[in-house]
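Starting from 1, each residue takes its place in the sequence as its number.
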Amino acid sequence: MNKIIWTDIQYNAIFEPVLNIREKAVDFETCMDEDFPNKFNILPNIPNAPYSVPRMMANNIDGLSLNISADSITLTKSISNNHTIKIEEFVKKAKILNDTLRKIQDKELFIGFILRGNLNLDKNPVEYIKKKILNINSKQEIFDLQTKFTFRVHDKYYVNITLGNMRKDENDSLLAIEIDINDRYRYNFKKVDYPYSDKEAMTKIERILNDIINKKINSFVEKGEFDNGDFE
């Protein structure tokens with residue numbers, strides 16, 4: 001099998017609203033100073049604006065972008081031209097950002113990472129998913145196909161793996177892979193007892209992500225096998 005090319009990764013945090021989050025811009029700028037030396041774009045204060053409206057933004061020439069609202073943070077790194085993401089380097093930045101957020105507001109509702117990439121199978125990925133993963137016997141040609149698998153880990157975390165075809169043109173596609181890991185299972189089903197993310201949630205999610213990309217994703221793509229018994 002060819003090597004998976006990881007093309008973009010995203011860290012997301014959803015938290016109880018911080019109404020004065022603009023006043024915390026210096027804290028975020030300080031922790032991300034190496035990546036955004038030109039400081040942030042602080043957006044105008046709009047009275048009664050929804051919490052989700054961005055309050056500050058930043059980006060750099062290396063494909064890193066940051067969006068902070070009153071109730072969420074999104075840090076994204078994108079790569080093009082068939083290079084692959086330096087996942088460990090990104091996660092380190094996200095952990096620094098998350099630590100800064102927790103000093104300001106430790107009531108995180110849920111957090112997580114989304115990793116996207118593609119794989120050149122040297123064959124039609126639609127047919128590959130149809131026969132190898134889903135065992136579908138369709139007489140009608142399927143032009144595009146996407147399927148999502150959700151696993152539960154430690155009764156706290158979702159592991160979502162999405163496979164599909166990503167078209168380069170009408171006749172040529174790559175296998176698109178998305179891995180989405182977060183602690184929203186706890187938020188969805190156990191928030192009465194555990195309303196906020198654990199302090200160690202970031203570390204646990206990082207371990208799950210590393211285990212999947214280093215040990216499990218190839219087996220899942222090749223055989224449809226996924227064993228979550230190895231997660232610490």
Side-chain angles (χ1 to χ4, degrees), residues 1-12 14 35 52 54 57-67 72-91 93-94 112-153 157-182 184 205 208-228:
M1 176 182 290
N2 293 326
K3 185 178 180 181
I4 298 172
I5 304 297
W6 298 114
T7 57
D8 64 274
I9 186 169
Q10 186 175 95
Y11 152 75
N12 298 300
I14 308 297
D35 296 291
S52 59
M57 304 171 69
N59 58 77
N60 66 23
I61 61 174
D62 295 323
L64 189 70
S65 63
L66 175 64
N67 189 321
S72 68
I73 292 178
T74 299
L75 181 70
T76 305
K77 174 77 171 181
S78 300
I79 291 292
S80 58
N81 300 324
N82 275 347
H83 294 290
T84 192
I85 288 286
K86 295 180 180 178
I87 297 171
E88 290 184 6
E89 183 179 296
F90 177 88
V91 170
K93 297 179 192 298
F113 288 101
I114 301 174
L115 176 65
R116 300 182 183 91
N118 60 72
L119 175 63
N120 189 346
L121 291 171
D122 298 320
K123 61 184 71 174
N124 186 329
V126 172
E127 291 298 311
Y128 182 86
I129 296 171
K130 186 176 76 171
K131 295 178 180 179
K132 190 82 172 180
I133 304 297
L134 299 180
N135 193 28
I136 295 174
N137 184 17
S138 173
K139 295 181 180 179
Q140 177 67 36
E141 178 187 6
I142 300 175
F143 187 69
D144 288 317
L145 180 62
Q146 184 180 85
T147 184
K148 177 181 177 182
F149 305 84
T150 298
F151 305 94
R152 181 182 58 189
V153 177
Y157 307 102
Y158 282 131
V159 172
N160 302 291
I161 301 178
T162 302
L163 302 178
N165 65 300
M166 183 178 71
R167 290 198 169 274
K168 299 166 67 176
D169 55 45
E170 183 179 356
N171 300 310
D172 191 11
S173 293
L174 300 171
L175 178 68
I177 303 170
E178 180 180 283
I179 302 171
D180 179 3
I181 307 169
N182 57 68
R184 194 166 185 169
I205 291 172
I208 295 171
L209 176 63
N210 287 335
D211 191 71
I212 290 174
I213 61 179
N214 293 322
K215 299 178 182 178
K216 301 183 186 301
I217 192 62
N218 286 338
S219 178
F220 184 77
V221 171
E222 291 178 355
K223 305 173 186 178
E225 296 178 353
F226 188 86
D227 178 10
N228 65 4

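Remark: Y158 pairs with N188 by the side-chain hydrogen bond (donor to acceptor under 3.5 Å, both in side chains) rule, at least two apart or across chains. Applying the side-chain contact (heavy atoms from CB on, under 4.5 Å) rule to K131 yields the partners E127; only residues at least two apart in sequence or on another chain are considered. Judged as a side-chain hydrogen bond (donor to acceptor under 3.5 Å, both in side chains), and not counting sequence neighbours, T147 has no contacts.
Across every non-hydrogen atom of Y11 and F90, the tightest pair is N-CZ, 3.7 Å. When all heavy atoms of Y128 and K123 are compared, the closest pair comes out as CD1-CD, 3.7 Å. The shortest heavy-atom contact between L209 and I181 is CA-CD1, 3.5 Å. Taking each heavy atom of K132 and V221 in turn, the nearest pair found is CG-O, 4.5 Å. Contact detail for L145 and V126: the closest heavy-atom pair is CD2-O, 3.8 Å. Shortest non-hydrogen contact noted between P125 and N165 is CG-CB, 3.8 Å.
The line from CG of D62 to OG of S78 is 11.5 Å long, rounded to the nearest 0.5 Å. One distance of note links CG of N124 with NZ of K130; it measures 8.5 Å at 0.5 Å rounding. Distance check: N218 CG to E222 CD gives 5.5 Å after rounding to the nearest 0.5 Å. To the nearest 0.5 Å, atoms CG (L115) and CD (E178) are separated by 9.0 Å. For the atom pair NZ of K3 and CG of L119, the computed distance is 12.0 Å after rounding to the nearest 0.5 Å. With rounding to the nearest 0.5 Å, the separation of NZ in K86 from CD1 in I79 is 8.5 Å.
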Pair I4-I213, side-chain contact (heavy atoms from CB on, under 4.5 Å): steps then yes or no: CA-CA 9 Å; I4 298 172; I213 61 179; over 6 Å; no
Worked check of side-chain contact (heavy atoms from CB on, under 4.5 Å) between T7 and N118: CA-CA 8 Å; T7 57; N118 60 72; 3.5 Å; yes
Verdict with reasoning, D180 to K148, per side-chain contact (heavy atoms from CB on, under 4.5 Å): CA-CA 10 Å; D180 179 3; K148 177 181 177 182; 5.7 Å; no
Criterion side-chain contact (heavy atoms from CB on, under 4.5 Å) on L163 and I177, from CA distance to verdict: CA-CA 5 Å; L163 302 178; I177 303 170; 3.9 Å; yes
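Side-chain contact annotation: D144 with Q146, donor-acceptor N/O pair under 3.5 Å absent.
Side chains of I217 and I161 form a contact here, defined as non-hydrogen atoms less than 4.5 Å apart. Side-chain contact check for R167 versus F143: some heavy-atom pair is nearer than 4.5 Å. By the 4.5 Å heavy-atom criterion applied to side chains, L66 and L64 are not counted as neighbours. The shortest distance between side-chain heavy atoms of T76 and N67 does not fall below 4.5 Å. You'll find the side chain of F113 stays beyond 4.5 Å of the side chain of I87, heavy atoms only.
For the side-chain contact (heavy atoms from CB on, under 4.5 Å) test with N160, the passing option among I179, I114, N182 is N182; the others fail.
Less than 6.0 angstrom separates the ring centroid of F226 from the ring centroid of F151.
By the neighbour-count criterion of 12 heavy atoms within 6.0 Å, atom CG of N214 is densely surrounded, having more than that number from other residues, nucleotides or ligands.
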